[in-house]
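Read the structure below first, then the notes.
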Amino acid sequence: MQTLQLTISNRIASLTLNRPESLNSFNGEMHANFKQALADIKKSDARVLLITGNGKGFCAGQDLSDRKVSETTADLGDSLEERYNPLIRALTTLELPIVCAVNGVAAGAGVSLALCADIIIMHKRASLVLAFSKIGLVPDSGCSWLLTHAIGWRRARALALMGGRISSAQAYDWGLAWAIYEDEKFEHETRQLCETLAKAPTKGLAYTKRLFSRAAIAELHTQLDDERDYQRLAGRTEDYREGVSAFFDKREPQFNGK
């Protein structure tokens, strides 16, 4: 896959966007490669997914040169339905923790890609840019939903209308970024985080992801029922038995992800 680099090692799937000459913007080939990469990851022994970018940028969104913008008959909704929406759905329902290491600018759909992660690590130089209004378009790829639930509708709407930029420091202050690092520490800390998640109780984390996805729109009574149901499932896992056994043995648990 030329537009993506996928490596799976020590239960960590590392997916690197690899179109640095265009700030890792999306084209048709990258979408196809993403679909294949996610299928490969699901078949593997990976227990955490790391997404980052090659070069100075993380992802600049859609590569406009890959579209015939001059064609007034072009239906951008078809592009979303065929490419972006399936990608966002696949990522947000992936039963693995996702870490996004935003190494540079993320714009347009690149912001949505970052927001699909469970944990966002940002390089100090990185930023999130809502550029849709600058070219007469509306936020897409789940951005209007993901950003609203992340920072509130007032901030999200103002950023979308103004075509605003969120610096790494602002992202941290608003709770979007888990941490900010520079250079070698950026890669080192990201790797350590992924190693920790790769050793965690994977099924329990998957159930936790489902719960928090529902919590954004559920009523309390519904959420209490969901917590009951998922706790019942978690209590039947091998990792739960190992966790309890390790607690009484006063040792570190050795979770197998089952």
Side-chain angles (χ1 to χ4, degrees), residues 5-16 37-52 89-103 113-123 146 149-150 171-172 175-181 184-218 220-258:
Q5 295 174 341
L6 174 63
T7 61
I8 301 174
S9 177
N10 297 322
R11 297 168 297 191
I12 300 172
S14 299
L15 190 56
T16 304
L38 291 177
D40 292 343
I41 291 168
K42 287 181 178 180
K43 296 175 186 176
S44 75
D45 66 348
R47 289 165 61 182
V48 60
L49 169 60
L50 168 64
I51 302 176
T52 191
R89 289 189 176 102
L91 287 171
T92 54
T93 57
L94 187 67
E95 300 273 75
L96 296 176
I98 302 175
V99 176
C100 187
V102 183
N103 56 296
L113 181 61
L115 292 175
C116 283
D118 301 297
I119 301 175
I120 298 174
I121 305 294
M122 294 183 71
H123 193 284
L146 293 165
H149 284 79
Y172 180 78
L176 281 170
W178 179 254
I180 304 169
Y181 300 110
E184 293 83 4
K185 197 170 184 182
F186 174 75
E187 294 185 9
H188 174 74
E189 295 293 337
T190 300
R191 178 58 55 175
Q192 280 205 324
L193 174 62
C194 289
E195 289 174 355
T196 298
L197 289 170
K199 298 175 183 177
T202 310
K203 279 192 175 294
L205 297 187
Y207 298 148
T208 299
K209 287 182 59 166
R210 291 188 199 177
L211 278 173
F212 277 89
S213 294
R214 297 177 183 220
I217 56 175
L220 174 60
H221 298 299
T222 301
Q223 197 69 12
L224 289 171
D225 290 342
D226 285 343
E227 289 176 350
R228 174 202 62 208
D229 295 341
Y230 283 116
Q231 197 70 293
R232 181 175 288 136
L233 293 172
R236 295 169 180 164
T237 63
E238 293 179 17
D239 281 341
Y240 169 67
R241 291 193 291 274
E242 166 61 13
V244 172
S245 178
F247 174 81
F248 285 111
D249 293 344
K250 297 182 179 180
R251 61 176 173 81
E252 287 295 317
Q254 300 296 314
F255 298 119
N256 63 15
K258 298 179 182 178

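Count residues from 1 along the sequence. Just so it is clear, the values below take in all heavy atoms, side chains as well, and ignore hydrogens, waters and symmetry mates.
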Any Lys/Arg nitrogen of Glu242 or Arg251 sitting under 4.0 Å from an Asp/Glu carboxylate oxygen of the other? yes
State the [atom1]-[atom2] distance between [X] and [Y], to the nearest 0.5 angstrom.
X	Y	atom1	atom2	answer
Phe212	Gln223	CZ	CD	8.0 Å
Arg210	Leu233	CZ	CG	7.5 Å
Leu6	Ser44	CG	OG	8.0 Å
Tyr240	Gln231	OH	CD	8.0 Å

[X] and [Y]: which non-hydrogen atoms are nearest, and at how many Å?
X	Y	answer
Ile119	Trp178	CG2-CB, 3.6 Å
Leu211	Tyr230	CD2-CD1, 3.7 Å
Arg214	Asp226	CD-OD2, 3.4 Å
Phe186	Ala101	CZ-CB, 3.6 Å
Ala117	Val99	CB-C, 4.3 Å
Ala46	Ala13	CB-CB, 3.8 Å

Taking [Y]'s backbone N and O only, do any of them form a donor-acceptor pair with [X]'s side chain (distance below 3.5 Å, no angle check)?
X	Y	value
Lys209	Glu95	no
Ser245	Arg241	no
Asn256	Lys258	yes
Thr237	Ala234	yes
Thr202	Arg47	no

Testing Ile98, Val48, Leu94, Thr208 for side chain to side chain contact (heavy atoms under 4.5 Å, CB included) with Asp118, which one passes? Ile98
I need the single residue from Thr190, Leu15, Ile121 that forms a side chain to side chain contact (heavy atoms under 4.5 Å, CB included) with Leu50. Which is it? Thr190
Go through Ile12 and Leu197 one step at a time and tell me if the side-chain contact (heavy atoms from CB on, under 4.5 Å) criterion holds. CA-CA 9 Å; Ile12 300 172; Leu197 289 170; over 6 Å; no
Quick check on [X]: does its [atom1] atom have over 12 non-hydrogen neighbours (other residues, nucleotides or ligands) under 6.0 Å away?
X	atom1	result
Asn10	CG	no
Glu252	CD	no
Tyr181	OH	yes

Contact between [X] and [Y] at the side-chain level, heavy atoms closer than 4.5 Å - yes or no?
X	Y	result
Leu38	Leu91	yes
Glu187	Thr52	no
Leu96	Ile41	yes
His149	Ile217	yes

